[in-house]
Amino acid sequence: MTTPKKDNLNALIFAPLPPPVGGVASITNMLNIGFQKYNDVLFKQPVTKGKLGIYRAASNLVRLIKAVCSIKSKGSVLLFSSAGFSFYEKLIWAKLILLLNRKAVLIMVDGNFPRFYQSLSVKYRRVISKQISHKNITIGAQSDTWLKYYKEIFPLANIEVVSASVDRTFMEVTRPSREKTSKIKLLYIG
């Protein structure tokens with residue numbers, strides 16, 4: 001895929017693409033396929049989780065800055081966040097995106113977030129709530145139930161429901177041929 005010109009780029013999706021298949025990479029891949037016809041969304045991926053330490057963090061900041069500067073001023077940057085380190089990292093990325101005069105969208109994808117958030121001190125929760133409640137940061141919740149949860153803990157934040165999706169080809173049933181065979185195949189999952 002050719003990279004569109006900066007004048008045409010309204011958004012950046014900064015997330016992993018397959019491999020591996022599954023999770024955020026699959027969602028990003030579906031978005032990549034779906035947005036190709038519009039030619040106004042840039043896809044860039046961070047350094048994979050396999051590379052640890054300061055190298056990964058620094059490399060991702062450099063990649064993010066270059067990618068953000070490739071889209072229009074006031075454009076939007078989509079990030080996927082889970083709990084723990086991922087949330088802290090994405091919050092730092094979101095603040096950097098704001099400094100570069102773009103909007104940040106954090107799609108929350110981890111069911112463990114409530115446990116993580118409850119483990120934080122009240123003081124630290126207040127700091128996070130203030131940071132996440134910036135007018136140019138939007139939280140993407142995967143259902144009305146999650147929207148209600150995030151509204152309770154971040155009452156001043158911009159929060160919207162985004163539908164979760166699964167690649168249709170993953171769910172397609174392929175029928176075996178009706179040819180007779182002398183072999184019997186047994187599958188057991190336990």
Worksheet item: Shortest non-hydrogen contact from N158 to H134?
Response: ND2-O, 3.7 Å
Worksheet item: For V161, which residues count as a side-chain contact (heavy atoms from CB on, under 4.5 Å) partner, sequence neighbours excluded?
Response: D144, L147
Discussion item. Do N32 and L17 have side chains that approach each other closer than 4.5 Å (heavy atoms only, starting at C-beta)?
Written reply: yes
Discussion item. Tell me whether N10 contacts the main-chain N or O of G75 through its side chain, where contact means a donor paired with an acceptor under 3.5 Å.
Written reply: no
Worksheet item: With a 4.5 Å limit on heavy-atom distance, are the side chains of D110 and F87 in contact?
Response: no
Fill in: Y149 OH to S143 OG distance, which is reported to the nearest 0.5 Å
12.5 Å
Fill in: More than 12 heavy atoms from other groups under 6.0 Å of NZ on K151
yes
Worksheet item: Do F43 and F35 have side-chain heavy atoms sitting under 4.5 Å apart?
Response: yes
Item to complete: Answer yes if the ring centres of F116 and Y88 are under 6.0 angstrom apart, and no otherwise.
Response: yes
Discussion item. Would you say that V105 contacts L79 through its side chain, given a criterion of any heavy-atom pair below 4.5 Å between the two side chains?
Written reply: no
Worksheet item: Are F154 and V127 connected in a single hydrophobic cluster, I mean Ile/Leu/Val/Met/Phe/Trp/Tyr linked by side-chain heavy atoms less than 4.5 Å apart?
Response: no
Worksheet, complete the sentence: Applying side-chain contact (heavy atoms from CB on, under 4.5 Å) to S76 and not counting sequence neighbours gives K103
Discussion item. I'd like to check Y124 versus S121 (side-chain heavy atoms, cut-off strictly below 4.5 Å). Are they in contact?
Written reply: yes
Worksheet item: Does any N or O in the side chain of R63 come within less than 3.5 Å of the main-chain N or O of K44, such that one atom is a donor and the other an acceptor?
Response: no
Discussion item. Quick check: do L96 and I65 have side-chain heavy atoms less than 4.5 Å from each other?
Written reply: yes
Worksheet item: Is there a side-chain contact between L78 and F14 (heavy atoms, below 4.5 Å)?
Response: no
Worksheet, complete the sentence: Across all chains, not counting sequence neighbours, the side-chain contact (heavy atoms from CB on, under 4.5 Å) partners of A104 are A94, I97, L106, I137
Worksheet item: At what distance, to the nearest 0.5 angstrom, does CD1 of I71 lie from CD1 of I13?
Response: 10.5 Å
Worksheet entry | Sequence neighbours excluded - salt bridge (Lys or Arg N to Asp or Glu O under 4.0 Å) pairs with any residue from residues 83-98 | R56-E89
Fill in: Validation row: P155, S133 side chains within 4.5 angstrom (heavy atoms)
no
Fill in: Taking every non-hydrogen atom, the tightest pair across P114 and G111
CD-O, 3.4 Å
Worksheet item: Who are the side-chain contact (heavy atoms from CB on, under 4.5 Å) partners of V24, not counting sequence neighbours?
Response: A15, P16, T28, F80, V109
Discussion item. Once salt bridge (Lys or Arg N to Asp or Glu O under 4.0 Å) is applied, what residue pairs with a partner in residues 111-127 remain, sequence neighbours excluded?
Written reply: none
Practice prompt. Look at the side chain of Q142 and the backbone N and O of M108, then say whether any donor-acceptor pair between them is shorter than 3.5 Å.
Written response: yes
Discussion item. Quick check on the 6.0 Å ring-centre criterion: do W146 and F113 meet it?
Written reply: no
Fill in: Approximate separation, where rounding is to 0.5 Å, of N112 CG and S119 OG
11.0 Å
Practice prompt. Using the rule that two of Ile, Leu, Val, Met, Phe, Trp, Tyr join whenever any of their side-chain heavy atoms come within less than 4.5 Å, decide whether Y38 and L31 are in one cluster.
Written response: yes
